Amino acid sequence: MADPNNDKMSREEAGRKGGNKTSREHDKEFYQDIGQKGGETTAEEHDKEFYQEIGEKGGEQTSKNKDKEFYKEIGEKGGKKSGFQNS
């Protein structure tokens, strides 16, 4: 919301307006392209330990927030995608 004292918009409001405009002006391919570029840059700038650390943090959070049913479902999906058939 704009500051009533000086009519300047907050950073949050400016970011939201800019993000909304960008999403109106660009398609899915645009976001895929910038995501790929960002991923490539991250891979160039970080080592194996970086990915191990963020993977561990993500895994810890997931295990805190998900139950056994979640892991069962993703295991089944992974098995189907890899072609594994449970007899």
Side-chain angles (χ1 to χ4, degrees):
M1 182 179 300
D3 182 349
N5 297 327
N6 62 13
D7 292 333
K8 290 185 178 180
M9 83 175 66
S10 69
R11 287 184 184 185
E12 181 181 342
E13 186 177 4
R16 184 173 32 257
K17 287 179 75 174
N20 288 337
K21 183 176 181 183
T22 301
S23 71
R24 286 191 308 270
E25 294 178 355
H26 296 284
D27 60 5
K28 180 180 176 181
E29 186 176 311
F30 167 80
Y31 287 100
Q32 289 172 331
D33 289 344
I34 63 171
Q36 183 168 358
K37 289 176 185 175
E40 289 169 357
T41 299
T42 301
E44 291 170 3
E45 295 176 355
H46 296 284
D47 58 9
K48 179 181 175 182
E49 288 77 24
F50 168 79
Y51 287 99
Q52 288 173 328
E53 186 178 322
I54 63 172
E56 188 173 318
K57 288 178 181 178
E60 288 171 1
Q61 285 300 310
T62 301
S63 69
K64 288 178 186 176
N65 298 318
K66 302 294 182 180
D67 60 8
K68 287 183 180 181
E69 187 63 28
F70 167 79
Y71 288 101
K72 180 182 173 188
E73 289 176 16
I74 65 170
E76 288 174 359
K77 288 179 184 178
K80 288 177 184 174
K81 196 165 199 160
S82 68
F84 177 77
Q85 295 295 319
N86 192 4
S87 300

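In this text the structure is predicted, and so the values were computed from the model without any measurement. In what follows, every heavy atom counts, from backbone to side chain, and hydrogens, waters and symmetry copies are set aside.
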Which atom of K66 lies closest to which atom of Y71, heavy atoms considered: CB-CE1, 4.2 Å

Nearest-0.5 Å distance, NZ of residue K72 to CG of residue D67: 11.0 Å

D27 CG to D33 CG distance, which is reported to the nearest 0.5 Å: 8.5 Å

NZ/NE/NH1/NH2 to OD/OE distance under 4.0 Å, K57 and E53: yes

E13/K17 salt bridge by N-O under 4.0 Å criterion: no

Worked verdict on E76 versus K80 for salt bridge (charged side-chain N to carboxylate O under 4.0 Å, His left out): CA-CA 6 Å; E76 288 174 359; K80 288 177 184 174; 5.3 Å; no

E12, CD atom: more than 12 neighbouring heavy atoms under 6.0 Å: no

E49 CD: over 12 foreign heavy atoms closer than 6.0 Å: yes

Distance-only side-chain donor-acceptor flag, Q36 / E40, under 3.5 Å: yes

Working for side-chain contact (heavy atoms from CB on, under 4.5 Å), residues F70 and N65: CA-CA 10 Å; F70 167 79; N65 298 318; over 6 Å; no

